[in-house]
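Notes to accompany the following structure.
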Amino acid sequence: MVRTRFAPSPTGFLHIGGVRTALFNWLFARHHDGHFILRIDDTDEQRNVSETLDPILSGLRWLGLDWDEGPDVGGDYGPYFQSQRRDEHQAAVATLLAGGYAYRDYATPEELQAERQAAQAEGKRFIYSRRWMAETTEQAAGFEAEGRTAVVRLKMPREGVCRFRDLIRGEVEFEWAQEQDHVIQRADGSCLYHLASVADDAAMEISHVIRAEEHLSNTPRQIFIFEGLGHEPPEFAHLPFVAEPGSRNKLSKRKLDKYLKNPDFAKMHQHGVAIADAIGLETAAETFNPVIVDFYEKVGYLPDALVNYLLLLGWALDDRTEFFSRQEMIEYFTLERVNRSPASFDPNKLLAFQEHYMQEMPAEERLLLALPFLEAAALLPSPYVDDASRYVTEMLQAAGDRIKVAGESLDYPELFVDDGAFPYEAKAFDKRLRNAPESVALLRGFRDLLAATEPFEAVTLEEAMRRFVESEGAKIGQIIHALRVAVTGKSVGFGMFEILEILGQERSLARIDRALSLVETTPS
RNA sequence: GGCGCGUUCGUCUAGGGGUCUAGGACGCCGGCCUCUCACGCCGGUAACACGGGUUCGAAUCCCGUACGCGCUACCA
């Protein structure tokens, strides 16, 4: 049975590169009807684990990457928190020691440092002399009598090569002699990452280790540990990095400042900040950052868009297929088609997927996405609105494809506030009204026509205007822009007649009157 | 420094000796549509890192160079 795992450290956020790794693990497991396991690598005495774990769990859930074993759901191979597996790690160390795959080392840091420097001075690569290695209890007792304490090191082979087949990279070969005698247990008895990770992978019967490329060079020592534990190593697949926008550097959450110099990234961040500000969310780089998954949820991106985008970051089915349902990606995903070179994160392309999935979304679901934003921004309810859902539904319909991210529902506050409360764009007001007497005159005439138009619906309204314009011998452009500014305060927006219908007769007239009187009272 | 991995349009990629005058997508540019803005549609721009081989023939195989990244911790 295929068993894959995603093993994040509880850091308080889910990194976009981590999501891609999780996604590929999830897809591979689902494709093979196997299990996707979530293991929390909370080494050391980490505090507030639940606090730092929560964003990771909720992020994965939001994306729909469900796990078969792990926190909350349990499983037969638990516990799924590394911190609760210390005894197993200790047992693994004992096994390695007993099998001659590891030894106790009594060197002091200073002695080690001296050896290192000596090697360096000679221009040679440092390889520990094993001078303070203790393989028998007698030797150990002798060192301890000198007051020394031990760490446990791997007793790595010093000749031959470690060959393995990486499912993505093919045959890979490392000389054993290049490997250090890595420490696997500290002097205080705690275990290090490689030991814990391998011991857990072995105990959990992980069949395929799919992880980022940074671990490729670590694989020989891990294979060595697997062997020492008497466990067949799993298959390995090393994914290329998710790189910074426009570079080959690994994407990191700590470099937001740098990424903000990338115009596309900056635009995406800025856009998110505007939405967050409108609903009073914090926008500190630590928590609000396009490198962290929460960002997308908070701003109103669709999980399907993010997942589809991430799928194609390092994987492709063929030369043209771009959109995949979950079912399709599960069906078609194979490691053989994963790329070997880093893929840089492109905010624009993500947005393109977002647009696509947003367009596909049924109206009822769009409503459900928009409502929380409008509520959070206190745009709902307004005194004029007795049926908020219906009103927002009409608004969304009029918006069409203009709202690409759910948070952009907040871009049209003028439709939600009192008729006297929205501002006029100064430039637009001057151009279309204050300095356009012909337009104002037309608007006056049309206002009275509007007052008499029944029913007050987009189609009828458009007809009315066309007739009006014709009878006046004018062109539609001479009045419609003035009308838009008068009614919304803006020079751009939805179709004019849809806006009028949404607002209704009374409010439309009130707004026109407000604009007209403003022209009169404050002439240019 | 040593070892490993990588290098096709600005970006994501297709390509696994001839069908490649290198295909698709995003972006960008131009046009159409149009009450504005979006959407949509049409068209255009743009790449095999470099140098040697192998071969009748190389983006595809081999070697070297350059560049990038990773590992080389009592970090993960």
Side-chain angles (χ1 to χ4, degrees), chain A residues 7-9 11 41 43-44 82 105 107 109 112 116 120 123-127 149-153 166 168-170 172-175 177-180 182-194 196-197 212-221 238 240-241 243 245-250 264 309 311-323 337 339-353 355-356 359 399-404 408 411 428 432 462 465-466 469 475-485 488 490-497 499:
Chain A
S9 300
T11 50
D41 279 6
T43 48
D44 301 321
Q82 207 158 61
D105 177 48
L112 226 44
R116 218 182 288 270
Q120 204 169 13
K124 282 189 189 161
R125 219 174 58 78
F126 166 67
I127 285 281
T149 54
V151 298
V152 176
R153 287 181 182 278
D166 185 282
I168 292 168
R169 273 145 227 285
V172 185
E173 202 177 281
F174 291 85
E175 279 180 51
Q178 294 295 330
E179 288 284 327
Q180 299 290 344
H182 303 282
V183 174
I184 54 174
Q185 187 182 55
R186 298 185 182 90
D188 67 7
S190 61
C191 291
L192 278 92
Y193 168 76
H194 291 294
S197 176
E213 185 189 345
E214 59 188 308
H215 288 292
L216 185 61
S217 308
N218 295 330
T219 306
R221 81 191 68 153
H238 289 93
F241 287 120
S247 102
R248 294 296 205 205
N249 294 1
K250 182 183 162 188
D264 296 330
Y309 171 68
L311 171 70
L312 263 19
L313 214 51
W315 182 87
L317 174 66
D318 54 29
D319 63 340
R320 55 198 63 238
T321 315
E322 293 267 314
F323 300 108
R337 293 202 64 81
N339 252 293
R340 280 172 292 276
S341 50
S344 73
F345 180 78
D346 180 0
N348 278 328
K349 189 120 184 180
L350 205 204
L351 197 61
F353 280 99
E355 285 182 42
H356 172 86
Q359 286 176 6
D401 296 328
R402 292 173 185 82
I403 295 175
K404 295 168 176 160
E408 288 171 3
D411 288 351
R432 298 301 186 184
E462 180 159 7
M465 177 176 279
R466 299 223 178 257
V469 164
K475 286 193 176 149
I476 204 161
Q478 288 173 275
I479 178 173
I480 204 159
H481 300 298
L483 179 58
R484 167 172 278 108
V485 175
T488 68
K490 296 176 178 175
S491 56
V492 299
F494 309 159
M496 193 62 247
F497 307 103
I499 292 176

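By convention in this document, chain letters (A, B, ...) are assigned in the order of the sequence lines, proteins followed by strands, and residues within each chain are numbered from 1.
- At least one side-chain nitrogen or oxygen of Ser344(A) sits closer than 4.0 Å to the OP1 or OP2 atom of C12(B).
- What separates OH of Tyr309(A) from C1' of G27(B) is a distance of 12 Å, to the nearest Å.
- Across all strands, Glu173(A) comes closer than 4.0 Å only to sugar-phosphate atoms, never to a base (heavy-atom distances).
- Closest-nucleotide positions on RNA chain B for Leu317(A) and Val151(A) were compared, and the one nearer the 5' end corresponds to Leu317(A).
- When distances run from any side-chain atom of Gln178(A) to the nucleotides C26(B), A14(B), C3(B), the shortest one goes to C3(B).
- Using atom P as the reference point in both U11(B) and C3(B), the two lie 30 Å apart (nearest Å).
- Nearest-nucleotide mapping onto RNA chain B: of Ala316(A) and Leu350(A), the residue sitting toward the 5' end is Ala316(A).
- Spacing between atom CD of Gln180(A) and atom P of G4(B) amounts to 16 Å, rounded to whole angstrom units.
- In this view, Arg466(A) and Glu462(A) satisfy the salt bridge (Lys or Arg N to Asp or Glu O under 4.0 Å) rule, not counting sequence neighbours.
- For the pair Arg125(A) CZ and G4(B) C1', the interatomic distance rounds to 13 Å; values are reported in whole Å.
- The residue Phe497(A) sits close to a base: some heavy atom pair falls under 4.0 Å.
- Remark: G6(B) base-pairs with C67(B); criterion is Watson-Crick or G-U wobble with both hydrogen-bond distances under 3.5 Å.
- Within the shown strands, G43(B) is the pairing partner of C29(B) under the Watson-Crick or G-U definition, both distances less than 3.5 Å.
- Rounded to the nearest 0.5 angstrom, Arg484(A) CZ and Arg432(A) CZ are separated by 9.5 Å.
- Residues satisfying the side-chain hydrogen bond (donor to acceptor under 3.5 Å, both in side chains) test with Gln478(A), not counting sequence neighbours, are none.
- Distances from the side chain of Asp346(A) to the nucleotides G4(B), C26(B), A76(B) place C26(B) closest.
- Between the CD atom of Glu408(A) and the CD1 atom of Ile403(A) there is a distance of 7.5 Å, given to the nearest 0.5 Å.
- When the nucleotides C35(B), C12(B), A76(B) are ranked by their closest atom to the side chain of Lys349(A), C12(B) comes out on top.
- One can place CZ of Phe345(A) at 13 Å from P of U13(B), the figure rounded to the nearest angstrom.
- Remark: C1' of C35(B) and CD1 of Ile480(A) are 3 Å apart, rounded to the nearest angstrom.
- Distances shorter than 4.0 Å separate some side-chain N or O of Arg337(A) from OP1 or OP2 on G15(B).
- Under the ring pair (Phe, Tyr, Trp, His ring centres under 6.0 Å) criterion, His215(A) pairs with Tyr193(A), not counting sequence neighbours.
- Using a 4.0 Å heavy-atom criterion, one finds that Ala343(A) contacts the sugar-phosphate atoms exclusively.
- Looking at residues two or more places apart in sequence or on another chain, you find a salt bridge (Lys or Arg N to Asp or Glu O under 4.0 Å) between Glu214(A) and Lys250(A).
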Anything under 3.5 Å between a protein N or O and an N or O of nucleotides 37-39 of chain B, put it in a table, one pair a line.
unit_1 : atom_1 : unit_2    : atom_2 : d
C37(B) : O2     : Arg402(A) : NE     : 2.4
C37(B) : O2     : Arg402(A) : NH2    : 3.4
C37(B) : O2     : Gly493(A) : O      : 3.4
C37(B) : N3     : Arg402(A) : NE     : 3.2
C37(B) : N3     : Arg402(A) : NH2    : 2.5
C37(B) : N4     : Arg402(A) : NH2    : 3.4
A38(B) : O3'    : Lys404(A) : NZ     : 3.4
C39(B) : O3'    : Gln359(A) : NE2    : 3.3
C39(B) : O2'    : Asp401(A) : OD2    : 2.4

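- Phe241(A) pairs by the ring pair (Phe, Tyr, Trp, His ring centres under 6.0 Å) definition with nothing, not counting sequence neighbours.
- In terms of heavy-atom proximity, Phe353(A) sits nearest to Leu312(A) at CZ-CD2, 3.6 Å.
- One atom, NE2 of His238(A), and another, C1' of C5(B), lie 11 Å apart when rounded to the nearest Å.
- Pairing each heavy atom of Arg125(A) with each of Gln180(A), the nearest pair is NH1-NE2, 3.7 Å.
- Residues passing the salt bridge (Lys or Arg N to Asp or Glu O under 4.0 Å) test with Lys490(A) are Glu414(A), sequence neighbours excluded.
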Quick test: give all pairs of protein nitrogen or oxygen and nucleotides 68-71 of chain B nitrogen or oxygen below 3.5 Å, distance rounded to 0.1 Å.
unit_1 : atom_1 : unit_2    : atom_2 : d
C69(B) : OP1    : Asn249(A) : OD1    : 3.2
G70(B) : O2'    : Glu214(A) : O      : 3.1
G70(B) : N2     : Ser217(A) : OG     : 3.3
C71(B) : O2'    : Arg221(A) : NH2    : 3.1

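- Rounded to a whole angstrom, the distance from the C1' atom of G52(B) to that of A58(B) is 14 Å.
- A 3.5 Å limit on both hydrogen-bonding distances identifies G18(B) as the Watson-Crick or G-U partner of C56(B).
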Could you list, one pair per line, each protein nitrogen or oxygen that sits under 3.5 Å from a nitrogen or oxygen of nucleotides 62-65 of chain B, together with the distance?
none

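- In this structure, G1(B) and U72(B) make a Watson-Crick or G-U wobble pair, each of the two defining distances being under 3.5 angstrom.
- Here, A22(B) and C48(B) have their C1' atoms 8 Å apart, quoted to the whole Å.
- With C35(B), C12(B), A76(B) as the candidates, the nucleotide lying closest to the side chain of Leu312(A) is C12(B).
- Taking atom C1' on both G68(B) and C26(B), the two are 24 Å apart, rounded to the nearest angstrom.
- For His356(A), the ring pair (Phe, Tyr, Trp, His ring centres under 6.0 Å) criterion is met by Phe323(A), not counting sequence neighbours.
- The CZ atom of Phe353(A) sits 12 Å away from the P atom of A25(B) (whole-angstrom rounding).
- Within the 4.0 angstrom heavy-atom criterion, only backbone atoms of the sugar-phosphate kind lie near Arg116(A); the bases stay farther away.
- Taking the salt bridge (Lys or Arg N to Asp or Glu O under 4.0 Å) definition, one finds that Glu322(A) meets it with Lys349(A), sequence neighbours left out.
- Summarising the geometry, the separation between CZ on Arg340(A) and C1' on U7(B) is reported as 12 Å, rounded to the nearest angstrom.
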Determine, for nucleotides 45-51 of chain B in 5'-to-3' order, which nucleotides have protein heavy atoms under 4.0 Å from the base (write B), from only the sugar-phosphate (write S), or from neither (write -). -------

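- If you take atom P in A46(B) and the same atom in G23(B), they sit 12 Å apart, rounded to whole Å.
- Taking atom P on both nucleotides, U7(B) is separated from C50(B) by 14 Å, rounded to a whole Å.
- Remark: U36(B) base-pairs with no nucleotide in the shown strands. Criterion, Watson-Crick or G-U wobble with two distances under 3.5 Å.
- Using a 4.0 Å heavy-atom cutoff across all strands shown, Arg484(A) reaches at least one base atom of the nucleic acid.
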Begin with the C-alpha distance, continue with both residues' side-chain angles, and end with the deciding distance and a verdict on side chain to side chain contact (heavy atoms under 4.5 Å, CB included) for Phe494(A) and Thr488(A). CA-CA 10 Å; Phe494(A) 309 159; Thr488(A) 68; over 6 Å; no

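- Checking A76(B), A73(B), A14(B) against every side-chain atom of Asn339(A), the shortest atom distance belongs to A14(B).
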